Peer 1: 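Pasting in a structure now, in C-alpha cells, and then I'll have a few things to ask.
The model shown is predicted, which means the values in this text are computed figures rather than measured ones.
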Amino acid sequence: MNPTQTLTDALAELSIETPSWGYGDSGTRFAVFPQPGRPRDVHERLQDAAEVHRLTGSAPRVALHFPWDATDDYAALRAHAESLGLGIGAVNPNLFQDPRYKLGSVTHPDPAVRRAATDHLLECVEIATALGSTAQSLWLADGTNYAGQDDLMARRGRLLGCLHEVYTALPEEQELLVEYKPFEPAFYATDIPDWGSAVLICHELGPRARVLVDFGHHLHGTNVEQIVAQLAAVGRLGGFHFNNRKYADDDLIVGSTNPFELFLVFCELIGSGQPLPRLTIDQSHNVENKVEAMLLSVVNLQEAYAKALLVDREVLAHRQREGDVLGAHEVLLDAYASDVRPLCAAARTARGASANPLEEFRASGYTERRAAERQSGTTTVKGLS
Ligand code: PSV
Ligand code: MN
C-alpha cells in the first residue's frame with residue numbers, strides 16, 4: 001500500500017472470481033449431499049454469486065464451466081449477469097467427463113477423440129466471446145495410470161498440436177490459462193504435472209498463454225509462494241485458484257488450513273510490483289452451506305490481502321540488505337499478526353458491502369427463501385465419479 005492509499009482503496013483492487021461450480025451440488029467419490037436451496041441452473045448460480053458480491057464487495061465476476069453452464073441464449077445470460085451487477089470471468093472447458101476421454105482428451109492416441117476435444121475448446125472460445133469473457137482456463141485430467149500405457153513424448157506432441165489450434169483461434173482480448181496438477185485422476189503420469197511443464201507449453205504457444213496456479217495442485221512441502229514469484233518474474237503468472245487442503249486437492253475454504261501460506265502468496269503478488277493477476281476461488285463445498293462458504297472464502301482473502309499490504313516493505317528491504325535474518329522474518333510476522341478484521345469490515349462498509357457478511361447473510365433468510373423457490377429440478381454435480 002503506498003502512503004496515500006487507504007485500505008479501502010487498496011481493497012477495491014481486490015477482485016475475486018467465484019466459480020459457478022462452487023454453488024451447485026458437489027460431493028466426493030462416495031456421496032453427494034444435496035442442499036436445500038441449491039441452484040439448479042446457471043441463472044440461479046449467478047443469483048448466489050451476486051449475493052456473495054453484494055455482501056463482500058470483492059466478487060464481481062463468475063467463472064463458468066461448460067457444458068455445465070450451457071444455455072441456448074448467451075446474450076440473455078450475459079444480460080442477466082449484468083443486471084445482477086456481475087461480469088463473466090474465465091470460461092472453463094470440461095475435458096474430463098465425456099466417456100470418450102477415458103484415455104485422454106487432447107492427448108488421446110485416437111485423432112477423432114482429439115478432434116472432439118479441440119472442437120469443444122473452440123466452442124468455448126465462441127461462448128467466451130459471446131459472454132465478454134477474457135480467458136479460457138484449461139485444466140486437463142489427461143494422464144496415464146501405468147508406465148508404458150502410452151508414449152509420454154507423443155502425448156505432449158498431441159497436446160501441443162491441439163492447443164496451437166485453439167491458441168490461433170483466440171480473439172485478441174482472450175488469454176489461455178494453463179493449469180497444472182501432479183496427480184489425480186491419473187496416478188502414474190499427468191500430462192501437465194507441474195508449473196515448469198505448464199510454462200514450457202505457454203512458451204511454445206505465445207505470450208497470451210500463461211500459467212494458472214492452484215493451491216491444491218502441488219506435492220506436500222512445495223513452496224507455492226516461490227512459484228508465484230518465479231512466474232510473475234517472467235510475466236507468465238496468469239492467475240490463481242484459491243482453496244485449501246490438508247491432504248490432496250481437498251478444495252476446502254481458502255485460509256482454513258494454512259492461512260500463513262495464503263498471506264505469503266499475497267506478499268509475493270504485491271512484491272512483484274505488478275497488478276494483481278486473475279484471482280479465482282476453486283472450491284467444492286460438500287457439507288457446509290455453499291454461499292456461506294463462499295462468503296467466508298472472500299472475507300479470508302480480503303484479510304490475507306490486507307495483512308500483506310501492511311508489510312513494511314522499506315524496513316523489510318533494509319533488514320534483508322543488512323542480512324538481518326530474523327529481523328526480516330519478524331517484519332512479516334508483525335503484519336501477519338495484525339488484527340485487520342475491523343479495518344476490512346470498515347472498508348467493506350465504505351464500499352456499500354457488509355461489515356459482517358456471514359452474520360448478515362444468515363439473518364437475511366436467503367437460504368430459506370431460495371429453498372422454497374428452488375424445489376425441483378436437477379443440478380450440476382461435481383466430484384462424484
Ligand atoms: C479439478 O482438480 C479442478 O479442481 C481443477 O482445479 C479445475 O480448475 C477445476 O476443477 C474446474 O474444472
Ligand atoms: Mn483449479
Side-chain angles (χ1 to χ4, degrees), residues 1-16 55-59 213 215-216 218 220-229 232 240-246 250 252-274 276-277 279 281 283 292-351 353-360:
M1 198 161 43
N2 68 50
T4 57
Q5 213 181 15
T6 65
L7 188 75
T8 309
D9 297 334
L11 272 187
E13 281 160 32
L14 186 70
S15 174
I16 308 292
L55 292 163
T56 62
S58 291
V213 181
F215 255 133
H218 301 91
H220 280 279
T222 303
N223 184 333
V224 180
E225 60 272 21
Q226 188 179 20
I227 294 174
V228 168
F240 216 93
H241 268 183
F242 287 114
N243 45 54
N244 221 166
R245 63 95 177 267
K246 190 161 177 63
D250 304 347
L252 299 175
I253 292 172
V254 62
S256 59
T257 311
N258 195 349
F260 191 55
E261 184 184 39
L262 179 63
F263 160 77
L264 294 174
V265 163
F266 273 113
C267 288
E268 292 305 329
L269 291 174
I270 295 167
S272 75
Q274 298 166 20
L276 290 173
L279 302 177
I281 290 173
Q283 293 171 186
E292 285 182 23
M294 216 58 91
L295 289 169
L296 182 55
S297 303
V298 177
V299 167
N300 285 348
L301 289 167
Q302 289 172 331
E303 290 174 1
Y305 180 51
K307 287 181 183 194
L309 287 166
L310 293 181
V311 170
D312 190 329
R313 297 211 158 253
E314 258 176 51
V315 176
L316 180 65
H318 175 74
R319 293 187 183 173
Q320 288 172 343
R321 275 195 307 273
E322 298 289 304
D324 182 356
V325 176
L326 289 187
H329 181 58
E330 275 172 42
V331 173
L332 296 189
L333 294 183
D334 277 347
Y336 181 67
S338 316
D339 184 359
V340 294
R341 288 172 299 180
L343 280 173
C344 289
R348 277 192 299 273
T349 322
R351 302 185 57 220
S354 171
N356 189 336
L358 263 105
E359 203 177 277
E360 189 173 329

Peer 1: Is it true that a side-chain atom of R348 and a backbone atom of A353 form a donor plus acceptor pair closer than 3.5 Å?
Peer 2: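 Absent.
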Peer 1: For D334, does its backbone N or O pair with a side-chain atom of S338 as donor and acceptor, under 3.5 Å?
Peer 2: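 Yes, because the side chain of S338 sits within donor-acceptor range (under 3.5 Å) of the backbone of D334.
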Peer 1: Nearest 0.5 angstrom please: Q226 CD to L264 CG, how far?
Peer 2: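 If we round to the nearest 0.5 Å, Q226:CD and L264:CG are 12.0 Å apart.
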Peer 1: Go through it in stages, so that I can follow the logic: the residues are E359 and S354, the test is side chain to side chain contact (heavy atoms under 4.5 Å, CB included), and I'd like the CA-CA distance, side-chain angles, deciding distance and then a yes or no.
Peer 2: CA-CA 9 Å; E359 203 177 277; S354 171; over 6 Å; no
Peer 1: Would you compute the distance between atom CD of E360 and atom CG of L295 and round it to the nearest 0.5 angstrom?
Peer 2: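 Output value for this atom pair is 10.0 Å.
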Peer 1: Ignoring hydrogens and geometry, is there a side-chain-to-backbone donor-acceptor pair from D312 to E314 under 3.5 Å?
Peer 2: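 Flag set: sc D312 to bb E314 pair under 3.5 Å.
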Peer 1: State, with a plain yes or no, whether a side-chain heavy atom of I270 is found less than 4.5 Å away from one of Y305.
Peer 2: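 They are in contact (side-chain heavy atoms under 4.5 Å apart), so the answer is yes.
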Peer 1: Considering all heavy atoms of both residues, which atom of A308 and which atom of C267 are nearest to each other, and what is their separation?
Peer 2: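 Where A308 meets C267 most closely, the heavy atoms are CB-N, 3.8 Å.
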Peer 1: Taking CD in Q274 as the centre, count heavy atoms belonging to other residues, nucleotides or ligands within less than 6.0 Å. Is the count above 12?
Peer 2: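 More than 12 within 6.0 Å, yes.
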Peer 1: Do you know the tightest heavy-atom contact between T257 and R245?
Peer 2: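 For T257 and R245, the tightest heavy-atom pair comes out as CG2-O, 3.6 Å.
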Peer 1: For the residue pair N300 and S297, confirm or rule out a side-chain donor-acceptor distance under 3.5 Å.
Peer 2: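 Side-chain D/A pair, N300 to S297: absent.
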Peer 1: Quick one: does any side-chain atom of N244 pair with a main-chain N or O of S256 as donor and acceptor, under 3.5 Å?
Peer 2: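 Checking the backbone N and O of S256 against the side chain of N244, a donor-acceptor pair under 3.5 Å is found.
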Peer 1: On the six-membered ring of Y336, is K307 placed so that its NZ or CZ lies under 6.0 angstrom from the centre and within 45° of the ring axis?
Peer 2: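 Yes, cation above the ring, under 6.0 Å and within 45°.
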Peer 1: Would you sort out whether L276 and L279 count as a side chain to side chain contact (heavy atoms under 4.5 Å, CB included), showing the intermediate values?
Peer 2: CA-CA 8 Å; L276 290 173; L279 302 177; 4.3 Å; yes
Peer 1: Which atom names give the shortest non-hydrogen contact between V254 and L301, and what distance separates them?
Peer 2: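 Between these two residues, the closest heavy atoms are CG1-CG, 3.9 Å.
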Peer 1: Considering non-hydrogen atoms only, spot the tightest contact between L310 and A335 and give its length.
Peer 2: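 Nearest heavy atoms, L310 then A335: C-CB, 4.0 Å.
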Peer 1: Taking all non-hydrogen atoms of both residues into account, name the closest pair between P357 and L55 and its distance.
Peer 2: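 What the structure gives for the nearest pair is CG-O, 3.5 Å.
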Peer 1: State, to 0.1 Å, how close G327 and R319 come at their nearest heavy-atom pair, and which atoms those are.
Peer 2: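 Scanning both residues completely, I find the closest heavy atoms to be O-NH1, 3.0 Å.
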Peer 1: Suppose we call two aromatic rings close when their centres sit under 6.0 Å apart. Are F260 and F263 close by that rule?
Peer 2: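 Distance test on ring centres: under 6.0 Å, yes.
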Peer 1: Please work out which of the three classes, parallel, tilted or perpendicular, describes the rings of F242 and F215, given edges at 30° and 60°.
Peer 2: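 Tilted, since the angle between the ring planes falls between 30° and 60°.
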Peer 1: Okay, side chain of Q302, backbone of T56: is any donor-acceptor separation there less than 3.5 Å?
Peer 2: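 Checking the backbone N and O of T56 against the side chain of Q302, a donor-acceptor pair under 3.5 Å is found.
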